[in-house]
Amino acid sequence: ALIGSANSLGAILGPLLAAGLAFAGLLVPLYAAATFCLMGALAAALMLREPDAHTTARRKGGSDLRFWDPRLRPYLIIWACFFLIFISLNVLTAFYIQDQLGVDDEKRVVRIASLMLISMAVVITVVQGVILQIWRVSPRVLLRLCGPAFVVALLLIGFATSVPMLATGFAFFGLSFALATPGINGSASLAMKPNEQGAAAGYLSASNTVGAIAAPVVGTAAYQIAPNAPFLGGAALFFVISLYALTIKVQDPTAAPKPSAA
């Protein structure tokens, strides 16, 4: 849960930081991102140490969870698809504003793109930081809601004819992301044994990376067909994913665990 929250916090602060720094120059956010990556690498090298308890656990027999374990597979597929579209959206936003809305002025494109990212970040903050803290929703429900919210977001973006309509699409995207993080990670966690939690979290993060790596290639290839093709194609994909999510059996977190065989 904490790892998922850290990912969400980055998703919230990233767009806000990029939007603010973009006014100082188009390349400033990239230099800032590179600096943060370097700081993270140094922090990992200097501060991360494997606890002795992990060595002891391995000697006693740790997790043998594999990447394509059938219990974990649905969540890996959904996260990979989610990040495939998410990163494509980020890569193509500025071009899409120019082509779909007919905005030619470079500074205006930056302002509109920043506004879109801010609208997404605000919704993520409100939903995860306020609403889901008050209204406790099970991971199963969140898992089934994030897909339809993403479909609505992509359709609004794909057919956008104005800045408010585009901003509404990004706001729905923020809603989808806010539901997906606890929905996907929470559901996956409930399917794992206690000694498999760390391995499952690592595999879920890896599936995000797979989608992110493929996104620039897939997104730009679809964009060559039509400016809104990546978004309409993503909506079709997540319509199928939404139906697929209905077939996933998620454990009730309030149910008593079954006793393990001796």
Side-chain angles (χ1 to χ4, degrees), residues 7-8 10-37 78-121 123-124 146 149-160 163 165-177 180-181 205-238 241:
N7 290 341
S8 298
I12 293 166
L13 297 179
L16 291 173
L17 180 66
L21 293 176
F23 289 101
L26 296 180
L27 295 179
V28 173
L30 299 181
Y31 291 124
T35 302
F36 282 124
C37 287
I78 295 173
W79 257 147
C81 292
F82 199 98
F83 268 77
L84 174 69
I85 307 302
F86 170 60
I87 299 300
S88 295
L89 187 68
N90 281 273
V91 169
L92 299 172
T93 294
F95 301 108
Y96 190 67
I97 290 170
Q98 290 177 308
D99 297 332
Q100 183 75 0
L101 301 183
V103 179
D104 295 324
D105 182 65
E106 188 178 90
K107 291 184 179 179
R108 188 160 176 245
V109 170
V110 172
R111 285 197 297 269
I112 294 174
S114 301
L115 234 127
M116 300 305 106
L117 297 175
I118 289 171
S119 68
M120 177 184 72
V123 173
I124 294 175
C146 67
F150 202 11
V151 172
V152 172
L154 291 168
L155 289 176
L156 283 169
I157 294 171
F159 291 112
V163 172
M165 187 174 177
L166 194 63
T168 305
F170 273 83
F172 267 94
F173 178 72
L175 172 63
S176 176
F177 196 93
T181 302
S205 296
S207 67
N208 296 351
T209 306
V210 170
I213 291 171
V217 176
V218 175
T220 51
Y223 197 83
Q224 299 301 316
I225 300 171
N228 61 359
F231 311 111
L232 299 184
L237 172 63
F238 264 84
I241 291 289

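Basis for what follows: all heavy atoms, side chains included, without hydrogens, waters or symmetry-related copies. Owing to the predicted nature of the structure, the values given are computational and were not obtained by experimental measurement.
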From R111 CZ over to I118 CD1, what is the distance, rounded to the nearest 0.5 angstrom? 12.5 Å
Could you go through the side chain to side chain contact (heavy atoms under 4.5 Å, CB included) check for F173 and L156 one step at a time? CA-CA 10 Å; F173 178 72; L156 283 169; over 6 Å; no
I want to check something: taking the side chain as every heavy atom from C-beta on, are I157 and N228 in contact at a cut-off of under 4.5 Å? no
Side chain to side chain contact (heavy atoms under 4.5 Å, CB included) for L154 and I85? Distances and angles first, verdict last. CA-CA 9 Å; L154 291 168; I85 307 302; 3.7 Å; yes
Below 4.5 Å, heavy atoms only, C-beta onward: do F95 and P227 meet side chain to side chain? no
If we only count heavy atoms from C-beta on, is the D99 to Y223 side-chain gap below 4.5 Å? yes
Within the 4.5 Å heavy-atom criterion, are V218 and L84 side-chain neighbours or not? yes
Compute the ring centroids of F172 and F150, then answer whether they are less than 6.0 Å apart. no
Do L155 and F231 touch side chain to side chain, with heavy atoms closer than 4.5 Å? no
Quick one: pull up SG in C146 and CG in L175 and give me the separation to the nearest 0.5 Å. 9.5 Å
Heavy atoms, side chains only, cut-off 4.5 Å: are L30 and L27 in contact? yes
Flag, side chain of S88 to backbone of A215, donor-acceptor distance under 3.5 Å: yes
Parallel, tilted or perpendicular: which one describes the rings of F86 and F177, with boundaries at 30° and 60°? tilted
Within-4.5 Å side-chain heavy-atom neighbours: L89 and F170: yes
Is there a side-chain contact between R108 and I97 in this structure, where contact means two heavy atoms from C-beta onward sitting under 4.5 Å apart? no
Is a side-chain donor or acceptor of Q100 paired with a backbone partner of A160 at a separation under 3.5 angstrom? yes
